[in-house]
K.L.:
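So that we are looking at the same thing, I have put the structure below in structure tokens.
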Amino acid sequence: MNDSELISALTNGDTKALEGIMKKYSGYVLTVVRNFSRGALSEDEIDEISVEVFYKLWSLRKNIEIKIGLAAYLSAAARNAVKNRFRKLNPPSEDISELEISSGFLVEDKAELSIMTECLNEGIEQLSEKDREIFLRFYLYGESASQIAKAMNITEGSVRTKLHRIRAGLKEYMSERGYDHV
């Protein structure tokens, strides 16, 4: 089954679809969790978080909307699960309930967020293939600059420079389209 068929079967409660997704993506999710945790978690914790990602996928199957692709969805879920684990391990030491957040930095409307995301995706699509790979490896897959450099046979400094330029270019691209707060 391809990903769209797996997702469709999953939303209909097909446990075989979940098994298929796990078989296809468990190694990928483990790698994202491992890379994003940057050595701060044990292998048992990494395994536990990976299982949580698939458990949550199953739990939310009826309301799930995957528009960015299954791999990207699972990668984001894995990164968020790692962030949540770190928050549990290191809760904020001060009371944050009274903090005020400037409304100028909030995207208040789901439609606006969708449009902004589409705009960012368009900007990413306009990157060269090499720059897009560096960007996705760093931000989507959680790889370090040294891992990217080794995999792509370039220097770590080159990776860092390219990431800086990519971010600046995407910020300018978004700003030109009215998203100055990104």
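Numbering of residues begins at 1 and proceeds along the displayed sequence. Note that the structure is predicted; figures quoted are calculated from it, not measured.
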K.L.:
Could you pull out all residues at least two apart from Ser26 that satisfy side-chain contact (heavy atoms from CB on, under 4.5 Å)?
P.N.:
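Ser26: side-chain contact (heavy atoms from CB on, under 4.5 Å) contacts with Phe54.
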
K.L.:
Do Glu48 and Asp44 have side-chain heavy atoms sitting under 4.5 Å apart?
P.N.:
no

K.L.:
Please tell me whether Asn2 and Ser4 have a donor and an acceptor in their side chains that are separated by less than 3.5 angstrom.
P.N.:
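Looking only at side-chain atoms, Ser4 and Asn2 do form a donor-acceptor pair, the distance falling under 3.5 Å.
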
K.L.:
Using the side-chain hydrogen bond (donor to acceptor under 3.5 Å, both in side chains) rule, collect all pairs that involve residues 148-158, keeping only residues at least two apart or in two chains.
P.N.:
Glu156-Arg160

K.L.:
Show me the pairs that pass side-chain hydrogen bond (donor to acceptor under 3.5 Å, both in side chains) and involve residues 50-62, at least two apart or across chains.
P.N.:
Glu52-Arg85

K.L.:
Going by side chain to side chain donor-acceptor pair (under 3.5 Å), name the residues that satisfy it together with Ser75, two or more places apart in sequence or in a different chain.
P.N.:
Arg79

K.L.:
Tell me every residue that passes side-chain contact (heavy atoms from CB on, under 4.5 Å) with Leu136, counting only those two or more places apart in sequence or in another chain.
P.N.:
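Once residues adjacent in sequence are excluded, the partners of Leu136 under the side-chain contact (heavy atoms from CB on, under 4.5 Å) criterion are Arg132, Leu140, Tyr141.
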
K.L.:
As an exercise, state the distance from CD of Glu19 to CG of Leu10, rounded to the nearest 0.5 Å.
P.N.:
11.5 Å

K.L.:
Return the minimal non-hydrogen interatomic distance between Val33 and Ala78, and the atom names on each side.
P.N.:
CG2-CB, 3.7 Å

K.L.:
For residues Asn63 and Thr11, determine if any side-chain heavy atom of one lies less than 4.5 Å from a side-chain heavy atom of the other.
P.N.:
no

K.L.:
Any side-chain heavy atom of Asp14 within less than 4.5 Å of one from Leu18?
P.N.:
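Result no, sub-4.5 Å side-chain heavy-atom pair not found.
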
K.L.:
Could you tell me how the ring of Phe135 sits relative to the ring of Tyr139: parallel (under 30°), tilted (30 to 60°) or perpendicular (over 60°)?
P.N.:
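Ring orientation, 0 to 90° scale: tilted.
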
K.L.:
Which atom pair, heavy atoms only, marks the closest approach of Ala71 to Tyr25?
P.N.:
CB-CE2, 3.8 Å

K.L.:
Which pair of non-hydrogen atoms, one from Asp131 and one from Ile166, has the smallest distance, and what is that distance?
P.N.:
O-CD1, 3.4 Å

K.L.:
In the structure I gave you, are the side-chain heavy atoms of Arg137 and Ile134 within less than 4.5 Å of one another anywhere?
P.N.:
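Answer no - side chains too far apart.
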
K.L.:
Which residues pass the side chain to side chain donor-acceptor pair (under 3.5 Å) test with Thr15, not counting sequence neighbours?
P.N.:
none

